[in-house]
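What follows is one structure encoded as structure tokens, with my remarks underneath.
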Amino acid sequence: MFPSCSTLVAVIIAVTQASAAVIRNVNASVPLGKRQAPGEVILSCTEPNTVALTFDDGPYIWTQELVDMLDAADAKGTFYFRGCIYDEDNVERVQYAFERGHQIASHTWSHAHLPTLTIPELHREFWLLQEAVLKITGAYLVHTRPPFGEYNADVLHVAGLHGQTITYWDFDSLDTIMSPQQSTGSYQALIGQRPPSILTLNHEITESTVKVLMPAVIRAVQSAGYRMVTVAECLGVEPYLWIGEPEDRDESWTCADK
């Protein structure tokens, strides 16, 4: 059963304050460096000569293929996962991306229109996805992309309580509504203008994005001399609040009663 709002808020505040008990479990190889302010909205990268390739709506059947493609190009991406990710296939996909150094981020639990939700419902959207990733990877996320790019003051407030930064984009590939050739053309036109950085929006659930668009985009970005990095890297910040040990699967790894 989902906890009451007051209980959940108390838990979140305790979590984001990083108690001594939590710090003892932090992986010492992960520096507690520069961080984005909770509740902030990120519209673009700040590190010059970077391209952040981001992918919404996973994990999906092409996650591992996409990770391998990026790795082969010496690139890293950011995956905004959503929904119930507890089944074994999705757990494997999340772990695969995380363990290879790609950034895991939140696209919330049920892909709802967040500005239409109550405060307790917003807490649920942020926490259930975070809880699942925390169990699977041991990582506490700091970047969330709201579904449909929608947010308001309540969304930002709740995001801040969860230690989350809202990540938008400055280039939408429109890969869910345009052909991969059209999206490739849009990428090439933008790259030709030589902006200092690019923060992209793509969708890993679109087969042509993985099979056609991304190979062409990677070639174009490489030819232009950009570095393909995670969102955290393109902002010069840490990707997670902390990284501890993942949990063992138990009866709580379920979507029932959530």
Tell me if the centroids of the rings in [X] and [Y] come within less than 6.0 Å of each other.
X      : Y      : result
Phe55  : Phe79  : yes
Phe98  : Phe81  : no
Phe148 : His111 : yes

Main chain of [Y], side chain of [X]: is a donor-acceptor contact present, judged purely on distance under 3.5 Å?
X      : Y      : value
Gln103 : Ala232 : yes
Thr230 : Thr78  : no
Glu125 : Ser110 : yes

Compare every heavy atom of [Y] with every heavy atom of [X], then report the nearest pair and how far apart it is.
X      : Y      : result
Tyr240 : Ile104 : OH-N, 2.9 Å
Gly83  : Leu129 : O-CD2, 3.6 Å
Ile42  : Leu235 : CG2-CD2, 3.7 Å

> Tyr168 vs Tyr151 aromatic rings, parallel, tilted or perpendicular, using cut-offs 30° and 60°?
Replying inline: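 Tyr168 and Tyr151: perpendicular rings.
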> Parallel under 30°, tilted from 30 to 60°, perpendicular over 60°: which one fits the rings of His162 and His123?
Replying inline: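 Rings of His162 and His123: tilted, as their planes differ by 30° to 60°.
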> Same cluster or not: are Val229 and Val142 linked, directly or through other Ile, Leu, Val, Met, Phe, Trp or Tyr residues, by side-chain heavy atoms under 4.5 angstrom apart?
Replying inline: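 Hydrophobic grouping puts Val229 apart from Val142.
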